[in-house]
Amino acid sequence: MSGEATNQERLSGVLLHVTSLPSYGGVGDFGPVAYAFVDFLAEAKQRLWQVLPLSPTGYGSSPYSALSAFAGNPVLISLEWLVRDGWIAGEKIAGLPGAEGPADFDAAFRLKLPLIEEAAENFLDRAPDDKRARFQKFCETNSSWLQDYAIFNVLRRTYGYASWHEWPAEFARREQDALGKVLNERGRELALEQVIQFFFNEQWCTLRGYCAQRKIRIMGDVAIFVNYDSADVWTHPDMFELDEDLKPIRVSGVPPDYFSATGQRWGNPLYKWGLLKERGFDWWVARIRRALTLYDIIRLDHFRGFEAFWSIPAEEETAINGQWVKAPGHELFQRLKDVFGGELPFVAEDLGLITPEVDELREHFGMPGMRILQFGFSDRGAHLYLPHRYVPNSVAYTGTHDNNTTQGWWRDDISDAERANVQTYLQRIDHDGEVVWAMIRAAARSVANLCVFPLQDVLHLGSEARMNTPSAGAGNWTWRYSPDALHADFAVQLADLMVMTDRDGWEKPTEGVEAGKPVEEASKRAELGTTV
């Protein structure tokens, strides 16, 4: 699926971040459980797996607060595969947190990362020539960001994981003599960081290949803004609105609306869009090129910001005193289209305050927008999110990672009026569990070419399985499903629904008992209302 031209195929997928897999080691990763999940998707005739950003995370372990827009998160590397490949002994990984319970990022940081580093040491010491050649090729292909990220990570560890602007000035300001000293004196540490990124890339690309064998595509996120405490801002401070002390002048957010009287202050530094445009948007070209090595389809988070963004003075504590600033979205996407050719493989996260200009930008480049079924039942203005208002070039969700699960939403969140509207529009709900499949069926039956279900909905889970509550300061991103949760019955139900809603990838037989049957002709006669 890449833009409107190739977006006519109907398919369905499941939203599950990698960390939510019940993998050995306390955090979901690219190991055996990931392959079992792909097998479940194939059995359920799901042809897309949506993940959240795979970037290394900082404080709070949020995948949307990344230390790099290019690098991969080391905790997603499977220790089991490192043992299989001979980079670490099996007894070394015994006794780690198991597959049950929430993701334990602190334990992964303390216990898992040192083992991955040990495996990287072993790789440097005794990798055979063919593996070493693959590693060198990886380094060459990713030279635009890999060395800078390695230096950033080594310095961050050296200075107690403080934000880069708190490092000694010669490093915060990237003075060449200071960086040269790091390159000369800490080459082994830098090489280890690069090997770890190589491990990430090898394991993810192998898993992605396994998905491709089963005709399952990967959709992943690219956020418009990057974190201030990131290798990206440290490496390219001239691209961002920073003052003489390298601190943000203005930051991003969203204005007040009927959901929030103060708006939301994200705090990401703003781009110098004019400078990026002068440079041919080369940084964005590189970012999308990297993303296309990780994903088949890219969801552009906070798409509205490509048309105009809410600019807030950095000293403001809320988002009230901000203003809309125009962004060069048309020029950027035209540049990407010129570089990559054809239709762009993007999905636009077009939720919240959307103007005609934002819609025009999305439609001009043929990008499908998002429709969240949970949003459709409050009043007439919300009917945009109900299936009778969908268009084919869109992506239908029951809910997303930022919403409650459908079961939790039904039990804990909606008003009596919304509850009545759900039963009017869908069906009478006598038992709470009925609402989940009613919503899944509604999304699947819609004209939207793609529909996506959070795995929590497929498993009929409640608020305890919510992935993220945006206003909550702690407790997010830790949900994992139980090792025995993927019952065959769920796969059968989904597969049957995919067949009846033409999302199963069925192809007209060329031989056998079904060959030659007038399926297409009969459908055309039915559309014309004739029985001849």
* With a 6.0 Å cut-off on ring centres, are F37 and W49 close enough? -> yes
* Asked: Would Y228 and L242 satisfy side chain to side chain contact (heavy atoms under 4.5 Å, CB included), going step by step from the backbone distance to the final call?
  -> CA-CA 10 Å; Y228 175 58; L242 306 181; 4.1 Å; yes
* Compute both the distance and the angle, then confirm whether R466 meets the cation-pi test with W479: under 6.0 Å from the six-membered ring centre, within 45 degrees of the axis. => no
* Asked: Is any side-chain N of the basic residue among R335 and D282 closer than 4.0 Å to the acidic one's carboxylate O?
  -> yes
* **Any donor-acceptor N/O pair, Q197 side chain to G72 backbone, under 3.5 Å** => yes
* Hey, would you say the F306 and W284 ring centroids sit under 6.0 Å apart? -> yes
* Structure fact -> Here the pair of heavy atoms bringing N73 nearest to S55 is CB-O, 3.3 Å
* To do: Check whether any side-chain N or O of R265 sits under 3.5 Å from a backbone N or O of A314 as a donor-acceptor pair, and report yes or no.
  => yes
* Are side-chain N/O atoms of Q50 and Y295 paired as donor and acceptor at under 3.5 Å? -> no
* Tell me, do P328 and F281 make a side-chain contact under 4.5 Å, heavy atoms counted? -> yes
* When you check the side-chain N and O atoms of N201 and W204, is any donor under 3.5 Å from an acceptor? -> no
* Closest non-hydrogen atom pair between L113 and P74, with its separation -> CD2-CB, 3.5 Å
* **Aromatic ring proximity F198/F123, centre distance under 6.0 Å** => yes
* Would you call L155 and W164 a side-chain contact if the rule is heavy atoms closer than 4.5 Å? -> no
* Asked: Would you say the side chain of V452 lies within less than 4.5 Å of the side chain of V395, judging by non-hydrogen atoms?
  -> yes
* Salt bridge or not for K131 and D85, using N-O below 4.0 Å? -> no
* Please check if any side-chain donor atom of Q203 sits under 3.5 Å from a side-chain acceptor atom of S78, or the reverse. => no
* To do: Would you please say whether a donor-acceptor pair under 3.5 Å links the side chains of N268 and S252?
  => yes
* Asked: What are the two closest non-hydrogen atoms of I216 and V38, and how far apart are they?
  -> CD1-O, 3.7 Å
* Asked: Are R480 and D104 ion-paired here, with the side-chain N under 4.0 Å from a carboxylate O?
  -> no
* **Centroid separation W87 to W81 less than 6.0 Å** => no
* Identify which one of R188, R157, R156 satisfies the salt bridge (Lys or Arg N to Asp or Glu O under 4.0 Å) criterion when paired with E193. => R157
* Any chance the rings of F200 and F30 have centres within less than 6.0 Å? -> yes
* **Worked verdict on F109 versus Y161 for ring-ring contact (aromatic ring centres under 6.0 Å, His included)** => CA-CA 12 Å; F109 188 82; Y161 301 98; 5.5 Å; yes
* Asked: Within 45° of the ring axis of Y210 and under 6.0 Å from its six-membered ring centre, is that where the NZ or CZ of R208 lies?
  -> no
* Asked: Between E464 (side chain) and G462 (backbone), is there a donor-acceptor pair under 3.5 Å?
  -> yes
* Looking at the rings of Y149 and F70, which for Trp means the six-membered one, are their centres under 6.0 Å apart? -> no
* Under the criterion ring-ring contact (aromatic ring centres under 6.0 Å, His included), which of W266, Y64, F225 is the partner of H302? -> W266
* Any chance CD of Q213 has more than 12 other-residue heavy atoms, nucleotides or ligands included, within less than 6.0 Å? -> yes
* To do: Flag yes if more than 12 heavy atoms outside D177 fall under 6.0 Å of its CG atom; otherwise flag no.
  => no
* **Considering all heavy atoms, the nearest T57-L67 contact** => O-CD1, 3.6 Å
* Asked: Is it the case that more than 12 heavy atoms not belonging to R214 sit under 6.0 Å from its CZ atom?
  -> yes
* To do: Please determine if E307 and R362 form a salt bridge, counting it only when a charged side-chain N lies under 4.0 Å from a carboxylate O.
  => no
* Is E241 salt-bridged to K272, going by a charged N under 4.0 Å from an acidic O? -> no
* In plain terms, say whether D130 and R132 are close enough for a salt bridge, that is, a side-chain N and a carboxylate O under 4.0 Å apart. => no
* With L115 as reference, evaluate I77, V83, L96 under the side chain to side chain contact (heavy atoms under 4.5 Å, CB included) test and give the passing residue. => L96
